[in-house]
Amino acid sequence: MKQKLIAYRGEKFTLEWYFDSRGKSNASEYYHQLTEEERDKIFYLFKLLGNMGKIFNKQKFRDEDDQIYAFKSDQNRLLCFFFHGAKVVITNGFQKKQDKLPPREKKRAVKAKEDYIKRNRGGNYYD
């Protein structure tokens, strides 16, 4: 596996950035454009999930239905899904501007999940 895909390797889960067929990763790009303080807060959540296997605080990690979950830190959101092999795949990031999850962002995460599964099963995701 390409090391650049790994967001965090923990005791329970490995968190990795989803990238599309062109090699673009919305989630990684979003994360890396944040301030150091914002990145530190989100990375703490990555470590917590990666090492403990669960984040109990729904203010920090929430089930958004359709097997999509959200890391939540201040106004920043990173959506993800769980995949066999103890993986958490982070699909997209955005700044929250309303109370509810924007349908467009959730659709983006679901589409990324479907693409990841299809490309992974086809053996061409990690080329």
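Being a predicted model, the structure only gives us computed values, none of them experimental. Keep in mind that the numbers below use all heavy atoms, side chains included, and drop hydrogens, waters and symmetry copies.
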Checking [X] now: which residues fulfil side chain to side chain contact (heavy atoms under 4.5 Å, CB included) with it, not counting sequence neighbours?
X: F82; result: F13, L49, F61, Y69, V88
X: Q75; result: Q95, K96
X: K113; result: Q67, I68, F81, I117
X: K47; result: Y8, F43, N51

Check: For K106, what residues pass the side chain to side chain donor-acceptor pair (under 3.5 Å) criterion, not counting sequence neighbours?
Finding: D66
Item checked: For the student: nearest non-hydrogen atoms of L79 and A109, plus distance ->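 Closest heavy-atom pair between L79 and A109: CD1-CB, 3.8 Å.
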Margin query: W17 vs I90, test: side chain to side chain contact (heavy atoms under 4.5 Å, CB included). Steps then yes/no.
Written below: CA-CA 5 Å; W17 305 113; I90 307 163; 3.9 Å; yes
Checklist line | Main-chain N/O of L34 paired to R39 side chain as donor or acceptor, under 3.5 Å | finding: yes
Margin query: Check whether T14 reaches the backbone of K87 with its side chain - one donor and one acceptor, N or O, closer than 3.5 Å.
Written below: no
Checklist line | Residue pairs passing the salt bridge (Lys or Arg N to Asp or Glu O under 4.0 Å) test where at least one lies in residues 22-32, sequence neighbours excluded | finding: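 Found D20-R22, K24-E29.
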Next item on the list: Please lay out, stage by stage, how K41 and E38 fare under the test salt bridge (Lys or Arg N to Asp or Glu O under 4.0 Å).
Entry: CA-CA 5 Å; K41 287 179 181 181; E38 290 170 324; over 6 Å; no
Note to self: Taking CD in E37 as the centre, count heavy atoms belonging to other residues, nucleotides or ligands within less than 6.0 Å. Is the count above 12?
What the structure shows: no
Note to self: If you define the side chain from C-beta out and look only at heavy atoms, does anything of D115 sit under 4.5 Å from F19?
What the structure shows: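 Counting from C-beta outward, D115 and F19 never come under 4.5 Å.
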